[in-house]
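Input: a single structure, listed below in structure tokens.
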Amino acid sequence: MTFGAVVDVMLKPGIADPQGQTVERALPALGFTGVEDVRVGKRIELTVDAGTPEEARELVGEMCDRFLANPVIESYNVTVL
Amino acid sequence: MSGRVGIVVFPGSNCERDCRRALESLGAQTTFVWHKEVALPDVDIVVLPGGFAHGDYLRTGAIARFSPVMSAVRDHADAGGLVIGICNGFQILCEAGLLPGALRKNSGLKFICRWVGLSVDNNQSPFTARAIPGQRLRIPINHFEGSWHCDSDELERVRANGQVVLRYTANPNGALDDVAGLTNARGNVFGLMPHPERACEPSSGSQDGAVILESMLESVPTREHAHL
């Protein structure tokens with residue numbers, strides 16, 4: 001079976017995110033005030049061949065550990081569709 | 001000075017010829033090694049030059065780490081051979097786990113191309129043996145993702161081991177502990193964001209880069225004649 005999966009990769013909490021800070025500073029210029037904690041990450045979509053949704057999640061998690069995310073600075077979240 | 005140097009070329013490398021010119025001007029013999037090679041030629045030192053290996057896709061160095069040649073580079077390092085990664089090469093070494101930490105986007109979110117001041121904070125490294133402790137060097141940087149980072153436990157280990165060899169005198173990119181260049185625990189693998197190969201000739205405005213490259217070349221054990 002094939003499963004769609006989405007990986008969200010974010011800088012780990014506590015690691016400064018200059019992109020998020022820049023976006024946060026720009027929002028008031030458009031009238032959006034009171035916005036805090038903006039973080040910018042990336043989303044990776046993929047389709048994998050696996051027996052069950054759990055297997056698909058495990059497989060994608062392994063890809064994240066070894067390649068899709070850098071464990072030194074990034075955390076990730078896998079959603080199997 | 002002698003020493004055989006293999007300069008690895010990835011698709012997207014762009015400093016390999018600068019490295020060749022600088023190293024040959026210092027007496028080294030150089031050879032380019034395409035990233036698809038599974039073995040290294042007979043070399044004492046491996047250089048991972050600057051550039052944008054594999055387009056910097058996903059993360060800088062993330063794809064280059066899987067290039068076939070990297071297994072041979074790892075074996076060379078494991079055997080005690082010298083490896084230097086400059087700029088993108090530093091990023092690749094971190095992604096490959098040959099150096100601790102990771103390189104993040106510069107804190108100011110700007111690509112920075114300018115001269116920086118550096119302080120040699122450990123001259124016991126093969127890459128800085130010609131420097132005196134605290135010696136100031138002037139060498140250019142040219143990067144967007146040069147802000148070195150690691151967790152606090154790792155930082156303590158790295159500092160305790162004397163692995164931080166080069167620090168910025170005025171931090172340009174937000175690097176943790178002003179780290180501009182550091183080695184692995186064993187000391188034979190070195191990564192740095194500044195480009196020493198661009199500061200080796202009178203016409204380049206500084207020859208301080210030669211302090212690093214000459215140190216490295218002089219640290220190569222003299223070869224038995226039979227091997228030449």
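Model, not experiment: these values are computed from the prediction. To find a chain, count down the sequence lines: A is the first, B the second, and so on, and within it residues start at 1.
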| Which residues in residues 70-81 of chain A have any heavy atom lying under 4.5 Å from a heavy atom of chain B? |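 A:Asn70, A:Val72, A:Ile73, A:Glu74, listed by number.
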
| message | Strictly less than 4.5 Å between heavy atoms, which residues of residues 22-48 of chain A line up against chain B? Please order them by number. | response |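 Residues in range: A:Thr22, A:Lys42, A:Ile44.
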
| task | Let me see the working for B:Leu93 and B:Asn184 under side-chain contact (heavy atoms from CB on, under 4.5 Å), right down to the final yes or no. | result | CA-CA 10 Å; B:Leu93 290 172; B:Asn184 60 349; over 6 Å; no

| task | Give, as side chain, backbone, both or neither, the part of B:Glu154 having an atom under 4.5 angstrom from any heavy atom of chain A. | result |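 Neither the backbone nor the side chain of B:Glu154 comes within 4.5 Å of chain A.
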
| For B:Leu82 and B:Asp44, what are the C-alpha separation, side-chain angles and deciding distance, and is it a side-chain contact (heavy atoms from CB on, under 4.5 Å)? | CA-CA 7 Å; B:Leu82 299 183; B:Asp44 307 298; over 6 Å; no

| message | Using a 4.5 angstrom heavy-atom cutoff, name the option from B:Arg65, B:Arg104, B:Lys105 with the most pairs to chain A. | response |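 The answer is B:Arg104.
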
| said: My understanding is that only residues two or more places apart in sequence, or in another chain, count here; which of them pass ring-ring contact (aromatic ring centres under 6.0 Å, His included) with B:His54? | reply: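 Checked B:His54 against ring-ring contact (aromatic ring centres under 6.0 Å, His included); matches are B:His35.
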
| said: Tell me every residue that passes ring-ring contact (aromatic ring centres under 6.0 Å, His included) with B:Phe66, counting only those two or more places apart in sequence or in another chain. | reply: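 B:Phe66 satisfies ring-ring contact (aromatic ring centres under 6.0 Å, His included) with A:Phe67 once adjacent residues are dropped.
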
Tell me whether [X] at atom [atom1] has more than 12 heavy atoms from other residues, nucleotides or ligands lying less than 6.0 Å away.
X	atom1	result
B:Tyr57	OH	no
B:Arg17	CZ	no
A:Glu58	CD	no

| task | Check whether any side-chain N or O of A:Glu55 sits under 3.5 Å from a backbone N or O of A:Gly51 as a donor-acceptor pair, and report yes or no. | result |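 Here the side-chain-to-backbone pair exists.
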
| request: Under the side-chain contact (heavy atoms from CB on, under 4.5 Å) rule, what do A:Lys12 and B:Asp151 come out as? Steps first, then yes or no, please. | output: CA-CA 11 Å; A:Lys12 282 182 173 170; B:Asp151 67 32; over 6 Å; no

| field | Atom pair CD1/CG of B:Ile86 and B:Leu192 - distance to nearest 0.5 Å | value |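 Between B:Ile86 CD1 and B:Leu192 CG, I get 6.0 Å after rounding to 0.5 Å.
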
